[in-house]
Amino acid sequence: MSSTYVWRPSSARLVVLDGFSTPLRPSTISVAEATPITPSWPTKDPGDVLDYQLDVSNALTGDPSDSIDALSAAISPAQPGDLTLVSAAMAGSAAVLWLSAGQVGTTYTVTLTITTTSGRTLVRSVLLPVENLTVPPPASTNLTTETGSTLTDQNGTPLTVGP
């Protein structure tokens with residue numbers, strides 16, 4: 001008997017909107033000059049291909065029949081080798097994006113445009129920083145000649161430094 005896997009978006013990369021308003025960061029000057037907080041997903045490695053969610057259920061509160069009808073996403077910056085949208089889907093009241101690639105040291109702005117079945121349009125941006133999260137391979141411990149050739153024993157096994 002074979003088993004069937006049911007894919008579910010990961011809650012590890014979930015941003016939940018606080019309604020139609022954007023969360024505010026208190027300003028150092030006055031409450032009236034509070035600045036919006038741009039939500040952010042956890043840091044991504046350029047080698048990762050993962051699902052990222054934006055849950056808009058709080059923005060749909062008050063209309064239980066409303067849901068996501070259409071979804072589009074734009075990524076900035078968008079040069080060769082930058083963050084790439086692999087696919088986009090709706091999962092209940094969440095927009096789910098599969099993202100790959102990205103340049104180390106770049107924080108991308110992913111802007112989602114969501115249209116609901118009731119005709120609402122919601123445009124929100126989420127930041128996604130890309131950093132190298134992989135451990136670099138250990139430095140070669142092979143002995144080499146001055147020209148860079150690897151020294152080997154009589155069986156062709158490289159000679160190494162250490163135990």
Residues 76-87, side-chain donor-acceptor partners within the protein, below 3.5 Å, at least two apart:
from  : atom 1 : to     : atom 2 : distance (Å)
Asp82 : OD1    : Tyr108 : OH     : 2.5
Asp82 : OD2    : Gln79  : N      : 2.7
Thr84 : OG1    : Asp82  : O      : 3.1

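When side chains are defined from C-beta on, Pro46 counts as touching Val104, because their heavy atoms get closer than 4.5 Å. The shortest distance between side-chain heavy atoms of Leu71 and Val96 does not fall below 4.5 Å. Counting heavy atoms from C-beta outward, Gln53 and Val15 have side chains that stay 4.5 Å or more apart. Between Thr43 and Glu131 there is a side-chain heavy-atom pair separated by less than 4.5 Å. Looking only at side-chain heavy atoms (C-beta outward), Leu99 and Ile75 come within less than 4.5 Å of each other. For the pair Gln103/Val130, no side-chain contact is recorded, criterion being any heavy-atom separation below 4.5 Å from C-beta on. Two residues are said to be in side-chain contact when any heavy atoms from C-beta on lie closer than 4.5 Å; Leu151 and Thr145 meet this criterion. Counting heavy atoms from C-beta outward, Ser93 and Ser67 have side chains that stay 4.5 Å or more apart.
Shown here for Leu112 and Ala95, the closest heavy-atom pair between the two residues is CD2-CB, 3.7 Å. Contact record, Leu14 with Trp41: N-CD1, 4.3 Å, taken as the closest heavy-atom pair. Across all their heavy atoms, Thr61 and Asn58 have their closest contact at OG1-O, 3.1 Å. Minimum interatomic distance between Asp45 and Leu133 (heavy atoms only, all atoms of both residues): OD2-N, 2.6 Å. Across every non-hydrogen atom of Ala59 and Leu122, the tightest pair is CB-CD2, 4.2 Å.
Atom CG of Asp69 and atom OG1 of Thr117 lie 6.0 Å apart (nearest 0.5 Å). Note that CG of Leu128 and OG1 of Thr107 are 8.0 Å apart. Values are rounded to the nearest 0.5 Å. Taken to the nearest 0.5 Å, the CZ atom of Arg13 stands 4.5 Å off from the CG atom of Leu50. Between the OG atom in Ser65 and the CG atom in Leu60 there is a gap of 9.5 Å [rounded to 0.5 Å].
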Steps toward side chain to side chain contact (heavy atoms under 4.5 Å, CB included) verdict (Val56, Ile68): CA-CA 9 Å; Val56 298; Ile68 297 174; 3.8 Å; yes

List the steps, then state whether side-chain hydrogen bond (donor to acceptor under 3.5 Å, both in side chains) holds for Asp55 with Ser57. CA-CA 6 Å; Asp55 184 335; Ser57 58; 2.8 Å; yes

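With sequence neighbours excluded, the residues satisfying side-chain contact (heavy atoms from CB on, under 4.5 Å) with Thr111 are Thr109, Val123, Ser125. Take Ser118 and apply the side-chain contact (heavy atoms from CB on, under 4.5 Å) test, not counting sequence neighbours, and it matches Asp63, Asp66, Thr116, Arg120. Partners of Asn132 under the side chain to side chain donor-acceptor pair (under 3.5 Å) rule, at least two apart in sequence or in another chain, are Thr134.
The ring pair (Phe, Tyr, Trp, His ring centres under 6.0 Å) contacts involving residues 68-90 comprise nothing, where partners must be two or more places apart or lie in separate chains. For residues 115-136, there are no ring pair (Phe, Tyr, Trp, His ring centres under 6.0 Å) pairs, not counting sequence neighbours.
The residue from Leu54, Val110, Asp51 that alone fulfils the side chain to side chain contact (heavy atoms under 4.5 Å, CB included) condition with Leu97 is Val110.
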